[in-house]
Amino acid sequence: MQGAVASHMKLLSHDTMRGFGGVGEGMSLQIAKDGRRILWIAHEWAPKNFTAVDVSDPRAPRVICQTALPHNDMRSNSLEVSGDILAVAYQVAKPGGKPAGVELFDISRPESPTSISFFDASGPHSRGMHCLWFVDGEFIHCSGGAADFEPIHFRDDQFYRIIDVRNPSHPVEAGRWWYPGTRKGDAAAPPKRVRPMPMDDIRGPDAFRLHNANVYPERPDRAYLGYIDGGAFIMDISDKSAPKVVGTWNPHPPYPGFTHTVMPLLDRGLLVVTDECVQDDGEDWPKLTWMVDARKEDNLVPISTLPLPPVEEFGHKGGRFGSHNIHENRPGPSFRSDNYVFGVFFNAGVRVFDIKNPYRPEEVACFIPPMPENSRVATAQMNEIYVDERGVIYAGDRWSGGLYVFEANI
Amino acid sequence: MTILRYQIAFGIVENPARVLSMHPGALPQDGAILSPSLASFASNSPALRLNSAGWMNLPAEIMATLRTHAALKDYCRSRIQKKASIFDRPLQDFLTSYLDVVEAEVRDHANDLSGGASWDAALYDTADWFFSAFLPLPNAHLRLTEEEREETGAEPFIRFDVLFWTGKSLIAVTLERLSMQTSRQRHAQERFVAMRPDITFVTIPREKNGMRLQSYLPSVCERFWHGLRYPLGPYRPEAFRWRPVPGRLS
């Protein structure tokens, strides 16, 4: 690929997904009944809902299905596959909009997904669902609003919701938790804003709402939450109807906010905690990925950060620069590693880190694609990543580049 | 019969080559070393046991404070445990389980090990046979030969969770983990396994309720005292230290 920067990574293929190459924060792999590998991809923005790509041959991906949203004032930022069920998160542009919630699809025939049900999370103060986690076929853990939830600040509308989908045609709420002091009527005082300006923009950089909620089958009594400016949380969800805080850690402030993902390395007593860069031109640098010692869950200790490339080179290169999504070691046809972290860093591309020594993570591979055609910014903005159990790496560009497929020599 | 040589960096090791370079005596053909981070020996060497001197520092002033069998055993256990990373729960659990199994094995065979009515019985406490258990080398990095490196495409060392040297065979233990190997690592290990019939490879599955090690490591866990007349403790004067000379009591 002309103009790409590569180190120990090889591009196997690239697909702009029929010209709708804005990849959101959802990539999930299905092994279809006929053995095909189908990668389901969420879109960053309308008009597309989700796209299915046959990646059985990673050197020749092929779009087999692409669906449309009902209107353009919404997005389906996140999705997950468990078995033959696809869960898609719908978020609307403004509180009160519809449809806002989670839709479940039967994808047993990947070319023609069929809606099973819709869990409505709309409400006068809700933008619906932003991000979801669904790996056990039973419960969806997600960031979402609700009809009965009125936040004190309108940017804090999405909190931790657990949805029971054991009967997929009739999803019901199983539990919820929100940051104390963010809902009207809370006894706790509202949290102090980290980066409050502008206060009247719903897309402003500051929020006390949930981003990711990760729950692993090996530790079903724990949820790992990235609560944006609230930091990282470990929750006891042995009683899903009443999640309880076990431990928390928050570097914001003095760091510039937006805890995104909290991924436990269960055999090691470590957490990988990412922040999300949310502003262009290095405005919110540094957005870091942290290694946190979690051997004692109620005393989380940061021990290092993944090394980022030089800010003087990337900060003003165009678009965002810094941490965002990582491959989350989910069960299924997925590579699970306690020793390597695979991440996307917007204009710094796809990066792989050796964390065998968590005090001194080392970058071992990277790939930075050139600016894709029709991008809104001057660089590729690598936004989402998934690694299958064979070690094939799938990553997506936020604006127009679509799907990139790699292998790493590690 | 071909004499094979083994060079193993173990414990809290980031760079096994550095460990070897700190022990120049490990490389010559006839060199033999047991240090807190390196075991270097030949295939005709006696077994490595908890009472083999060199793998832990046990200065006389500390030994003087360890006045009971239990205190000495706990010290020995703590030295082994410290050779696993604080971020390696499966390995820590394995070492705990292994040492528990060893203790139980001695306890279960106390009558056989007591020395009966002979004067031997007055010489030692039966529980001292604990120190005759095979020495686990945690986080073990076995140095490959040039030929093996070329054949496997591996790094100069191949890592195993634990290695044991029983005097008859090298036993390489891999603990099943949530974490997967990369395809390159997996390929190198598969090629290495195929090349080394002298090594017994054991994979211990991940289980929720502790590990029944005896069923996976019978030659390590069961009757490990076979062939030994007396139990020896881990503190030994220089003259009685572990030597890689075949036939001598270890």
Side-chain angles (χ1 to χ4, degrees), chain A residues 8-10 58 216-220 263-272 291-297 301 303-304 327-342 352-362 364-365 387-393 406-410, chain B residues 9-19 37 81-97 138-141 152-155 157-162 173-190 203-211:
Chain A
H8 300 285
M9 276 182 82
K10 183 176 159 190
Y216 294 83
E218 295 81 10
R219 227 25 241 277
M263 178 174 75
L265 305 177
L266 295 171
D267 275 351
R268 300 190 68 190
L270 290 165
L271 302 176
V272 184
M291 298 299 303
V292 177
D293 182 340
R295 288 175 296 151
K296 196 167 183 327
E297 287 181 312
V301 181
I303 56 175
S304 63
H327 172 64
E328 293 169 275
N329 281 351
R330 59 155 288 166
S334 155
F335 187 67
R336 307 186 77 184
S337 178
D338 283 357
N339 296 321
Y340 294 96
V341 174
F342 302 77
V352 186
F353 298 89
D354 179 335
I355 55 162
K356 289 197 262 313
N357 180 351
Y359 296 113
R360 201 172 58 225
E362 292 177 33
V364 292
V387 186
D388 77 15
E389 82 283 14
R390 303 170 302 178
V392 177
I393 301 165
F406 306 98
E407 63 182 7
N409 182 24
I410 56 173
Chain B
F10 65 95
I12 307 295
V13 168
E14 283 181 43
N15 182 346
R18 187 181 302 134
V19 172
S37 57
Q81 295 282 165
K82 280 182 179 295
K83 295 196 178 297
S85 164
I86 56 176
F87 298 115
D88 192 342
R89 286 177 175 164
L91 183 53
Q92 289 174 358
D93 292 346
F94 172 86
L95 294 172
T96 301
S97 298
N139 190 34
H141 297 73
T152 62
E155 303 294 323
F157 294 82
I158 192 158
R159 183 193 174 277
F160 295 95
D161 285 307
V162 182
V173 178
T174 299
L175 306 177
E176 194 176 83
R177 295 164 183 267
L178 291 176
S179 192
M180 298 173 174
Q181 290 182 310
T182 66
S183 55
R184 195 172 80 166
Q185 291 168 332
R186 194 169 55 248
H187 175 77
Q189 188 148 353
E190 286 167 359
T203 298
I204 298 185
R206 184 185 173 87
E207 289 177 9
K208 285 184 179 173
N209 301 314
M211 292 177 277

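Letters A, B, ... mirror the listed sequences (proteins, then strands); counts begin at 1.
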Rounded at 0.5 Å granularity, tell me how far CD1 in A/I355 sits from CZ in A/R268.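 Rounded to the nearest 0.5 Å, the CD1-CZ separation comes to 5.5 Å.
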
Could you grab the distance from atom CG of A/L271 to atom CE of A/M291, nearest 0.5 Å is fine?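 The distance works out to 8.5 Å.
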
Under a 3.5 Å cutoff, is there a donor and acceptor pairing between the side chains of B/T96 and B/Q81?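 There is such a pair (donor and acceptor under 3.5 Å, judged by atom type) between the side chains of B/T96 and B/Q81.
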
Against chain B, label [X] side chain, backbone, both or neither, depending on which of its atoms sit under 4.5 Å from a heavy atom there.
X: A/Y216; result: neither
X: A/E407; result: neither
X: A/P331; result: neither
X: A/I303; result: side chain

Mind checking ring pair (Phe, Tyr, Trp, His ring centres under 6.0 Å) for A/H327 and listing every partner two or more places apart, or none if nothing turns up?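 Per chain and number, A/H327 pairs via ring pair (Phe, Tyr, Trp, His ring centres under 6.0 Å) with A/Y386.
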
Please state whether the side chain, the backbone, both or neither of B/Q92 comes within less than 4.5 Å of a heavy atom of chain A.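 Contact with chain A involves no heavy atom of B/Q92 at all.
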
Less than 4.5 Å to any heavy atom of chain A: does that hold for the side chain of B/I86, its backbone, both, or neither?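 It is both, since atoms from each part get that close.
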
In terms of heavy-atom pairs under 4.5 Å, which option from A/L266, A/N409, A/I410, A/N339 contacts chain B the most?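 Of the candidates given, the most pairs with chain B belong to A/I410.
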
Evaluate the salt bridge (charged side-chain N to carboxylate O under 4.0 Å, His left out) criterion for residues A/D338 and A/R336: first the C-alpha distance (whole Å), next the side-chain angles of each, then the deciding distance (0.1 Å), finally the verdict. CA-CA 7 Å; A/D338 283 357; A/R336 307 186 77 184; over 6 Å; no

Salt bridge between B/R206 and B/D93, side-chain N to carboxylate O under 4.0 Å?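 Salt bridge between B/R206 and B/D93, a charged N being under 4.0 Å from a carboxylate O: no.
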
